[in-house]
Amino acid sequence: MVLVALTACAGPYQYYGGPGVHDATAAEVAGGWENVEGTRVVLREDGSALLDKLDGHDFDFEDGWRLSGTGTWRLADDDGGQAVRLALTTRTRVERRRPPADADSPVTAPPPRYSWSFYVDRDQHGGLVLFFMYGDPDAGNRYVMTREPEA
């Protein structure tokens with residue numbers, strides 16, 4: 001019975017191995033990215049990053065905090081495909097997505113530093129899409145970042 005309980009909590013990576021993209025370049029990933037919730041991330045070619053209102057991944061998303069600041073990024077590759085590893089190194093602002101549903105529940109303090117791993121995928125037109133999983137891994141929720149429109 002203990003083995004069943006341990007394997008049931010193996011985390012989101014037991015459910016999803018990645019989209020299998022291996023042909024993206026760092027130059028192609030660099031640039032501005034946005035989310036429908038008002039999140040904005042700029043990945044600079046020099047490996048630095050600007051983050052604005054980026055939510056936590058996996059179960060951290062449920063805490064409701066959104067982080068802004070500066071950090072670093074790199075493009076990594078493994079068997080499941082490529083991923084953008086993004087690290088917030090200097091937090092400049094914290095916002096809340098929403099107030100807690102239960103006023104008696106404790107509010108989780110956001111971390112001063114945080115790291116995300118965005119899967120790299122391609123849309124139906126061959127353009128890049130970045131995403132991470134959030135919430136309960138059984139639900140398969142994706143936090144999708146698309147390329148900012150060019151000015």
Applying the 4.5 Å side-chain criterion to the ILVMFWY set and letting contacts propagate, would Tyr134 and Leu67 be lumped into a single cluster?
yes

Hey, quick one: are Tyr119 and Leu51 part of the same hydrophobic cluster, counting side-chain heavy atoms closer than 4.5 Å, chains of contacts allowed?
no

Test of understanding: with side chain to side chain contact (heavy atoms under 4.5 Å, CB included), list the residues that count as partners of Asp55, not counting sequence neighbours.
Thr39, Phe61, Arg66, Arg97, Tyr143

Euclidean distance, Leu86 CG relative to Thr72 OG1, rounded to 0.5 Å
7.5 Å

Going by heavy atoms in the side chains, are Glu34 and Pro149 under 4.5 Å from each other?
yes

Quick check: is Tyr114 connected to Val94 through a chain of hydrophobic side chains (ILVMFWY, heavy atoms under 4.5 Å apart)?
yes

Asp63 (side chain) donor-acceptor with Trp65 (main chain) under 3.5 angstrom
no

What is the minimum heavy-atom distance between His22 and Asp77, and which atoms define it?
ND1-OD1, 2.7 Å

As an exercise, state the distance from CG of Leu50 to CG of Leu88, rounded to the nearest 0.5 Å.
11.0 Å

Nearest-0.5 Å distance that lies between atom OG1 in Thr25 and atom CG in Leu75
8.0 Å

Hydrophobic clusters here meaning ILVMFWY residues chained together by side-chain heavy-atom distances under 4.5 Å, can you tell me if Val21 and Met145 are in one?
yes

Please indicate whether Asp79 has more than 12 foreign heavy atoms, meaning atoms of other residues, nucleotides or ligands, lying under 6.0 Å from its CG.
no

Look up atom CH2 in Trp73 and atom CZ in Arg44, then write down how far apart they are to the nearest 0.5 Å.
12.5 Å

At what distance, to the nearest 0.5 angstrom, does CG of Leu128 lie from CZ of Arg122?
4.5 Å

Steps toward side chain to side chain contact (heavy atoms under 4.5 Å, CB included) verdict (Phe132, Arg142):
CA-CA 6 Å; Phe132 60 76; Arg142 292 183 181 196; over 6 Å; no

Test salt bridge (Lys or Arg N to Asp or Glu O under 4.0 Å) applied to Arg40 and Glu148, step by step:
CA-CA 9 Å; Arg40 183 167 185 264; Glu148 281 185 330; 2.3 Å; yes

Leu43 versus Phe118: any side-chain heavy-atom pair under 4.5 Å?
no

If every non-hydrogen atom of Asp78 is compared with every non-hydrogen atom of Arg85, which pair is closest and at what distance?
OD2-NH2, 3.9 Å

My understanding is that only residues two or more places apart in sequence, or in another chain, count here; which of them pass side chain to side chain contact (heavy atoms under 4.5 Å, CB included) with Arg147?
Trp33

Nearest heavy-atom contact between Lys53 and Ser68 is N-OG, 2.9 Å

Step through the shown structure and confirm whether more than 12 heavy atoms of other residues, nucleotides or ligands are within 6.0 Å of CZ on Arg113.
no

Are any side-chain N or O atoms of Asp58 and backbone N or O atoms of Asp60, one a donor and one an acceptor, separated by less than 3.5 Å?
no

Please report the interatomic distance CZ(Arg93) to CG(Asp52), rounded to the nearest 0.5 Å.
4.5 Å

Phe59 versus Asp136: any side-chain heavy-atom pair under 4.5 Å?
yes

